[in-house]
Amino acid sequence: MLFRSILGWALIPLGVFYGAPSWADRIGLVMVVGLVVASAAVVALFFGAARRLDRECRRRLEAQGFLTVALGPELLTTWIPIEHRNLPAPRFDGFHEGGNASGYRRARGDLRCTVYGYSCGQGEFRFTFTVARLESPRWAWPEFSSAMGSRCLQIQSIPHWHRVSWPEDPDFSEACWLQAPDPKAIAHDFPPEARAWVLRHPEFRIHAAGPVLMLYSNRYRLIPGEAETFIDRADRMTAEGAELFRQPLARSPIGDGTPAP
C-alpha cells in the first residue's frame, strides 16, 4: 500500500513533464509541481501513519474488551484535573470522528474505566497526558491530588486546596506535591503505607474524590505498545491503592490481568 502511494505521487510530475508543450515549460512546471506534490505527499503520509497507529491501538484495546466511545467537549470541564482547566487550549487528544474525540471504555460490574488523552497549554508549555478515569458507586476515596516533583514542573496549586506535608517523613514531603481541601483529614487518611504507594509509582499523578479515581501520566501516549503499558501499570496502582484505602475492587480493575508486552 505504501509503495503504491509513493508511486502514484511520483507519476504526477512525470506526467506533467511529458504533457508540457515545450522543454522550457516542462522544466518550470516539473519543479513547481514537484514541490507541491512532495509537500502534499509528506502531509498525506504523516496523517496516514497517524491513522494507522490509531486503528492498531483500537484493535489491540478492543481485543482486551475496551469499547471505543465518543468524548464530547462538554466533558472537558470535569474530566481533566482542576489545575489544568484554566490553561490555554485544553482539548481531548487522540483521533476524532464526527467532531468528537474518542477514548476507550471498559466496565466490570459497577466499576467503569475510561482511558483517554488530553492536552493543554501553548507552545513549549503545552502538555499531553493519558488518563485512566475509574468510577464506582461503592467507592469513597478521600479527596486529594498528588504528583511527584514540584511547582517548577508545572504542578500548579488547586484553588482553595492546601499542600500537605509530613515533618516526620521529609523524603515524601520533598518528593511529592500532595494537595487536599482538608489538610487535617487527608493527613489522617495518608498513613506511611499510602505515602509509600505514591512513591512507588512516580509516573502517575493521582486525583481522587469519592467515587472517582483518576490516574494520569505524560509518559505514555495512546499508541500501540504504550497504551497497553499504561493500562497495565495503572491497573497495578489501582489495585494497590484500593487495598490500602479499603475500597472494594475486582482483582484486575482495568486490564485483563496479563502483563503488558
Side-chain angles (χ1 to χ4, degrees), residues 78-87 111 113 115 118 120-121 125 127-136 138-220 226 229-255 259-260:
T78 57
W79 277 34
I80 68 174
I82 298 171
E83 63 199 68
H84 290 164
R85 293 174 193 171
N86 294 326
L87 293 180
L111 175 61
C113 172
V115 177
Y118 77 92
C120 57
F125 297 106
F127 315 107
T128 301
F129 297 92
T130 298
V131 184
R133 185 184 191 276
L134 297 103
E135 184 172 5
S136 171
R138 296 189 295 156
W139 278 356
W141 292 89
E143 193 170 10
F144 71 92
S145 169
S146 71
M148 302 297 291
S150 65
R151 294 186 67 181
C152 66
L153 298 177
Q154 292 80 47
I155 301 170
Q156 302 181 14
S157 295
I158 298 174
H160 311 300
W161 285 34
H162 308 275
R163 185 179 181 186
V164 184
S165 60
W166 283 261
E168 71 278 10
D169 192 349
D171 291 339
F172 176 84
S173 300
E174 293 176 6
C176 180
W177 188 274
L178 190 143
Q179 303 176 76
D182 188 343
K184 292 184 179 179
I186 201 64
H188 176 268
D189 291 330
F190 246 79
E193 296 81 5
R195 300 197 292 271
W197 167 64
V198 173
L199 294 178
R200 283 196 302 271
H201 301 277
E203 70 270 31
F204 286 108
R205 298 186 185 184
I206 310 168
H207 283 258
V212 176
L213 175 69
M214 292 174 58
L215 304 176
Y216 67 112
S217 176
N218 60 357
R219 296 190 184 183
Y220 309 100
E226 291 191 16
T229 301
F230 171 81
I231 290 171
D232 179 61
R233 295 185 179 178
D235 190 26
R236 297 177 190 177
M237 185 171 191
T238 302
E240 292 176 13
E243 183 177 351
L244 285 169
F245 289 95
R246 296 180 175 85
Q247 305 297 331
L249 188 62
R251 182 173 180 270
S252 181
I254 304 174

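Heads up: numbering here begins at 1 and tracks the sequence. None of the values given here were measured: they were computed from a predicted structure.
Note on ring orientation: taking the six-membered ring where Trp is involved, the planes of Trp141 and Trp139 are perpendicular (angle over 60°, cut-offs 30° and 60°). Using cut-offs of 30° and 60° for the angle between ring planes, the Phe190 and Phe172 rings count as tilted.
Contact between His162 and Pro183 at its shortest, heavy atoms only, is CD2-CD, 3.8 Å. Heavy atoms only, all atoms of each residue included: Ser146 and Val198 are closest at OG-CG1, 4.0 Å. The two residues Ala194 and Phe245 make their nearest non-hydrogen contact at CB-CZ, 3.8 Å. Ile186 and Glu143 make their closest contact through CD1-O, 3.9 Å (heavy atoms, listed as atom of the first residue, atom of the second, distance).
Side-chain contact check for Thr238 versus Leu134: some heavy-atom pair is nearer than 4.5 Å. Side-chain atoms of Glu240 and His201, non-hydrogen and from C-beta on, do get closer than 4.5 Å to each other.
In this structure a side-chain-to-backbone donor-acceptor pair under 3.5 Å is present from Gln179 to Ile158. When atom types are taken as modelled, the side chain of Arg205 and the backbone of Ser217 share no donor-acceptor pair closer than 3.5 angstrom.
Listed by chain and residue number, His207 satisfy the side-chain hydrogen bond (donor to acceptor under 3.5 Å, both in side chains) test with Ser145 (two or more places apart in sequence, or in another chain). For Leu87, the side chain to side chain contact (heavy atoms under 4.5 Å, CB included) test picks out His84, Cys120, Gln156, with sequence neighbours left out. Contacts of Arg163 classified as side-chain hydrogen bond (donor to acceptor under 3.5 Å, both in side chains), with partners at least two apart in sequence or in another chain: none. Shown here are the side-chain hydrogen bond (donor to acceptor under 3.5 Å, both in side chains) partners of Glu135, two or more places apart in sequence or in another chain: Arg133. In this structure, the side chain to side chain contact (heavy atoms under 4.5 Å, CB included) partners of Ala242, at least two apart in sequence or on a different chain, are Gln247, Leu249.
In summary, the aromatic rings of Phe230 and Tyr216 are positioned with their centroids too far apart to meet the 6.0 Å limit.
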field: Worked verdict on Leu215 versus Ile206 for side-chain contact (heavy atoms from CB on, under 4.5 Å)
entry: CA-CA 5 Å; Leu215 304 176; Ile206 310 168; 4.0 Å; yes
message: For a side-chain contact (heavy atoms from CB on, under 4.5 Å) check, start with the C-alpha distance between Phe204 and Met148, then their side-chain angles and the critical distance, and finish with the verdict.
response: CA-CA 8 Å; Phe204 286 108; Met148 302 297 291; over 6 Å; no
query: Val115 and Ile231: side-chain contact (heavy atoms from CB on, under 4.5 Å), yes or no, with the steps?
result: CA-CA 8 Å; Val115 177; Ile231 290 171; 4.3 Å; yes
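Applying ring-ring contact (aromatic ring centres under 6.0 Å, His included) to Phe129 and the options Tyr220, Trp79, Tyr118 leaves one that passes, Tyr118.
Residue pairs meeting the side-chain hydrogen bond (donor to acceptor under 3.5 Å, both in side chains) criterion with at least one member in residues 183-198, sequence neighbours excluded, are Asp169-Arg195.
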